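Since the structure is predicted, the reported quantities are computational estimates derived from the model, not experimental observations.
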Amino acid sequence: EVQLVESGGGWVQPGGSLRLSCTASGFHFDEYAVVWFRQAPGKEREGVSCMGRHDGSTYYANSMKGRFTASSDNAKNTAYLQMHGLKPEDTAIYYCAALNGYYCLDYYASPQDVAYWGKGTLVTVSA
């Protein structure tokens, strides 16, 4: 069974850090670029980052640059999103996805290009 399972979400105070994990099973995760999306309450889904598999090049949305870092551990079939300097506006459900192909063109990928989705993990940033 193909699965992507996110974990690591939770509550954190402004300025805090969290590391999200995205663990894959049932397919060769290292053959797919990894995309992170998020969706805040009452807002549309937005792209967070995209990490290509050919050389690990990663793109970030402007508001996340310098604060978020995407990475992966192929031996564990797991991708990560390290988040520092969290702000209340970062509150959202964070989703990882496996993108068809090795490459990213930008931090945002069309949902039509997503092969597999995770179910999301909630991040809440508040005092």
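Atoms CZ and CE, from Arg19 and Met83 in turn, are 11.5 Å apart once rounded to the nearest 0.5 Å. To the nearest 0.5 Å, the span separating CG on Leu81 from CG on Leu18 amounts to 10.0 Å. Interatomic distance, CZ of Phe27 versus CG of Asn77, reported as 8.0 Å (0.5 Å rounding). Atom CG of Asp106 is separated from atom OH of Tyr59 by 7.5 Å, given to the nearest 0.5 angstrom. Distance check: Tyr60 OH to Phe68 CZ gives 10.0 Å after rounding to the nearest 0.5 Å. With values rounded to the nearest 0.5 angstrom, Asp90 atom CG is found 11.0 Å from Thr124 atom OG1.
Annotation for Leu105: atom CG does not count as buried by contact number, only 12 or fewer foreign heavy atoms lying within 6.0 Å. Residue His28 places its NE2 atom among 12 or fewer non-hydrogen atoms of other residues, nucleotides or ligands, all under 6.0 Å distant.
Tyr32 and Val35 are assigned to two separate hydrophobic clusters, defined by single-linkage of ILVMFWY side chains at heavy-atom distances under 4.5 Å. A chain of hydrophobic side-chain contacts below 4.5 Å, direct or via other Ile, Leu, Val, Met, Phe, Trp or Tyr residues, connects Val48 to Val12. With hydrophobic clusters built from ILVMFWY side chains whose heavy atoms lie under 4.5 angstrom apart, Trp36 shares a cluster with Val125.
Judged by a 6.0 Å distance limit and a 45° cone about the ring axis, Arg45 is not positioned over the six-membered ring of Tyr108.
The heavy-atom pair separating Asp55 from Ser57 by the smallest distance is OD1-OG, 2.7 Å. For the residue pair Ser17 and His84, the shortest heavy atom distance occurs at OG-ND1, 2.7 Å. In terms of heavy-atom proximity, Leu4 sits nearest to Cys96 at CD1-O, 4.1 Å. In terms of heavy atoms, Gly52 sits closest to Ala33 at CA-CB, 4.2 Å. Shown here for Thr58 and Ala70, the closest heavy-atom pair between the two residues is CG2-CB, 3.9 Å.
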Point to revise | Val34 and Arg53: CA distance, side-chain angles, deciding distance, side chain to side chain contact (heavy atoms under 4.5 Å, CB included) verdict | key: CA-CA 8 Å; Val34 181; Arg53 292 298 199 172; 3.4 Å; yes

Exercise for review: Would you please test Tyr107 and Met64 for side chain to side chain contact (heavy atoms under 4.5 Å, CB included) and show each step?
Suggested key: CA-CA 10 Å; Tyr107 72 91; Met64 290 84 169; over 6 Å; no

Exercise for review: Evaluate the side chain to side chain contact (heavy atoms under 4.5 Å, CB included) criterion for residues Phe29 and Tyr116: first the C-alpha distance (whole Å), next the side-chain angles of each, then the deciding distance (0.1 Å), finally the verdict.
Suggested key: CA-CA 10 Å; Phe29 194 29; Tyr116 307 110; over 6 Å; no

**Study point:** Chi angles and distances behind the side chain to side chain contact (heavy atoms under 4.5 Å, CB included) call for Arg38, Val123
**Key:** CA-CA 10 Å; Arg38 70 184 187 184; Val123 172; over 6 Å; no

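Ion pairing between a basic and an acidic side chain is recognised when a charged N comes within 4.0 Å of a carboxylate O; Lys119 and Glu6 show no such pairing.
The main-chain N or O of Ser126 is found under 3.5 Å from a side-chain atom of Trp11 such that the two form a donor-acceptor pair.
In the model, Thr78 has a side-chain atom that pairs as donor or acceptor with a side-chain atom of Thr23 under 3.5 Å.
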